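Take a look at the structure below.
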There are 2 protein chains.
Amino acid sequence: MQNEILNETGSAAPSDSSSPESLTSRAYLRLKQDIISGRLMPGRKLKIEELRRQYDIGTSPIREALSLLTSDHLVERWDQRGFRVANVSEGEFSELLKTRCWLEERALRESIANGSDEWEERVVLANHRLSRIPRSEASDHFVANAKWEEAHKHFHMTIISECGSSILLKFCKQLYDQNIRYRQLSGSKAYPKRDIADEHNAICQAVLARDANKAATLLIDHYKNTGTFVHSELTV
Amino acid sequence: MQNEILNETGSAAPSDSSSPESLTSRAYLRLKQDIISGRLMPGRKLKIEELRRQYDIGTSPIREALSLLTSDHLVERWDQRGFRVANVSEGEFSELLKTRCWLEERALRESIANGSDEWEERVVLANHRLSRIPRSEASDHFVANAKWEEAHKHFHMTIISECGSSILLKFCKQLYDQNIRYRQLSGSKAYPKRDIADEHNAICQAVLARDANKAATLLIDHYKNTGTFVHSELTV
DNA sequence: AAACAATAAAAAAACGATATATTTTGCCAA
DNA sequence: TTGGCAAAATATATCGTTTTTTTATTGTTT
């Protein structure tokens, strides 16, 4: 199903080795992961033949997956000249951050206005689980922890999940993924200084108190703080 | 180029008969038009073989185009069971309308805050051109006028064009296209009663006066009015 | 002699046709 | 009537051909 393909990013293909999904889905998820994680660098040419050999998947599924990624702004298509990984720029990152704040603020306010008790419980749970996962896999130097990334995305998507518009939610997810890529590319060296867990706790509290203004301010600050780090890394 | 494919909807392939675009783009545009205009009904099975013969284009470009349309929510992919035209529902239309209002209000306010003099001129021009095109091709009964549709989209996109985020603008365009489909499907019999030109003039005036609150209210009312007509048609 | 242009060769992408795997449908038996 | 099996239809994937683009080499001009 298309929705499953688009929504789940990292957690796909759990334990089942012989995935029943189509090869297109598999190619889509692998390519998406490889681009978001920074393994495939911006601007890099995506030669069909190369990918075909590497992923052991035919050209059609690869092409379809690349077409799909094009809509996510992770891949660019140059008519008659193939595909390449979408470029990054400071300007685009500013736009991304700005747009994300606009959309997520709206979604958060709607969620706080409409969210059920069951939703509150999901928020608490998501925050708790996130707090229990270390940000980095190593304690002395920073190594991105995929589990943390997954839990982090889940927390942020949970607090806006009851906004009443699956369309808006989809847009937010898309922008979130684009943002991860910028985070990964910028090295993330500066992060550990901030106590991110505290920020999440504060957001969680404001959400549970149904204090929309406070929650929105905290969320936007949370994003903008991260943004300045990414920006400074990008400029160097 | 991907951008050209995604942005221009109706006005593509102007006079040049031997289009230099890829067949994928051509298939994408034709299918998009056929779905938006309602020629291909919601839920209709899109058999590759059938489309291949009909459009005289190979299977690969057709599949790629369908994948692309999937991201626009105009086509649904059922894993291993092919593609079909996205279904419509009252619930989805409500969401669409709501989301559109949220996003376009934000975009309009930003445009009004940041728009240049040159932008004001573009707004005036877009409104003028729209006002000169008849809504219906026939005077006694309603026949959708493609020229009017194009000018209408152009007017609405122009007033939000200086929002400072090409990402947000892309989302708005996508939602606008989805909305056209609902309009076309609901017959549009009720419309001519309203004086839509007046509504556009009022919006235009408020925009030029840089009265963000008034412009936003007028725009949202404009959309919600149309929405109630579509809703009533959909319920029948 | 160096730089630019033109042509040719190689590489890559787009397309279309064929083959394989999956699903659906129809029929027969229990 | 229902369950299962088989056959047909349909979707997905691979492969080979054609067209386009890019690069390299050679020739010409300044």
Side-chain angles (χ1 to χ4, degrees), chain A residues 1-6 12-13 16-31 35 40-41 43-71 74-86, chain B residues 1-6 12-13 16-32 35 40-41 43-71 74-87:
Chain A
M1 286 261 204
Q2 175 66 344
N3 279 353
E4 291 178 67
I5 299 176
L6 283 174
D16 199 357
S17 57
S18 63
S19 13
E21 325 152 298
S22 67
L23 292 188
T24 300
S25 332
R26 239 191 291 176
Y28 173 82
L29 290 170
R30 282 197 62 179
L31 276 164
I35 293 169
L40 288 170
M41 293 298 283
R44 157 139 185 198
K45 192 103 198 287
L46 293 167
K47 299 180 190 177
I48 307 282
E49 181 57 23
E50 196 180 321
L51 296 171
R52 196 192 61 71
R53 276 186 288 106
Q54 208 173 332
Y55 294 165
D56 197 36
I57 288 176
T59 52
S60 295
I62 296 275
R63 290 189 66 83
E64 277 182 60
L66 290 171
S67 292
L68 247 15
L69 286 164
T70 272
S71 303
L74 292 172
V75 164
E76 283 166 6
R77 164 185 234 139
W78 291 12
D79 250 10
Q80 250 78 21
R81 265 184 282 178
F83 300 88
R84 49 188 57 194
V85 179
Chain B
M1 287 261 206
Q2 173 67 340
N3 278 355
E4 290 178 67
I5 300 175
L6 282 175
D16 197 358
S17 57
S18 62
S19 15
E21 326 151 297
S22 68
L23 292 187
T24 300
S25 332
R26 239 190 293 175
Y28 173 82
L29 290 170
R30 280 197 64 179
L31 276 164
K32 188 170 181 176
I35 293 169
L40 288 170
M41 293 299 281
R44 157 138 187 201
K45 193 102 198 289
L46 293 167
K47 299 182 190 175
I48 307 281
E49 181 56 25
E50 196 180 320
L51 295 171
R52 196 193 61 70
R53 276 186 287 106
Q54 208 173 333
Y55 293 167
D56 198 36
I57 288 176
T59 52
S60 301
I62 296 276
R63 289 188 67 83
E64 277 183 60
L66 289 172
S67 292
L68 247 13
L69 286 164
T70 272
S71 303
L74 292 172
V75 164
E76 284 167 6
R77 164 185 235 140
W78 290 5
D79 251 11
Q80 250 76 21
R81 266 184 280 178
F83 300 88
R84 48 187 57 193
V85 178
N87 268 309

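Just so it is clear: chains get the letters A, B, ... in the order the sequence lines come, proteins before strands, and each one is counted from 1. It should be emphasised that the depicted structure is a prediction, and the values quoted were computed from it without experimental measurement.
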Quickly work out the A:Asp56 CG to D:dA13 P distance and round it to whole Å.
13 Å
Which listed nucleotide (C:dA13, D:dT12, C:dC15) is nearest to the side chain of A:Ile48?
C:dA13
Can you tell me how far P of D:dG16 sits from CD of A:Glu49, to the nearest Å?
12 Å
Tell me whether the side-chain N/O atoms of B:Thr59 come closer than 4.0 Å to OP1 or OP2 in C:dC15.
no
Would you call A:Leu31 and A:Leu40 a side-chain contact if the rule is heavy atoms closer than 4.5 Å?
yes
Rounded distance in Å - CG (B:Asp79) to P (D:dT12)
8 Å
Can you tell if the side chain of B:Ile48 reaches within under 4.5 Å of the side chain of B:Phe83, non-hydrogen atoms only?
yes
Name the closest nucleotide to the A:Phe83 side chain, picking from C:dA14, D:dT10, D:dC15.
C:dA14
Rounded to the nearest angstrom, tell me the gap between atom CH2 in A:Trp78 and atom C1' in D:dT22.
13 Å
Counting only side-chain heavy atoms from C-beta out, which of C:dA12, C:dC15, D:dA11 sits nearest to B:Arg63?
D:dA11
Spacing between A:Glu64 atom CD and D:dT12 atom P, to the nearest angstrom:
7 Å
Selection from C:dG16, D:dT12, D:dT14 that lies nearest to any side-chain heavy atom of B:Pro61
C:dG16
Atom CD of B:Gln80 to atom C1' of D:dA9: distance rounded to whole Å?
15 Å
Listed nucleotide nearest any side-chain atom of B:Arg52, set D:dT12, C:dA17, C:dA12
C:dA17
Quick one, B:Ile57 with B:Thr24, criterion side chain to side chain contact (heavy atoms under 4.5 Å, CB included). Give me CA distance, side-chain angles, the key distance, then yes/no.
CA-CA 9 Å; B:Ile57 288 176; B:Thr24 300; over 6 Å; no
Proximity to the side chain of B:Lys45 - top-ranked nucleotide from C:dC15, D:dA11, D:dT14:
D:dA11
Whole-Å distance, A:Ile57 CD1 to D:dA13 P, equals 8 Å
B:Glu76 with B:Arg81: basic N within carboxylate O range, under 4.0 Å:
no
Could you state the CG-P distance from A:Leu51 to C:dA12, rounded to the nearest angstrom?
12 Å
Any chance you could measure A:Leu66, atom CG, to A:Thr59, atom OG1, to the nearest 0.5 Å?
11.0 Å
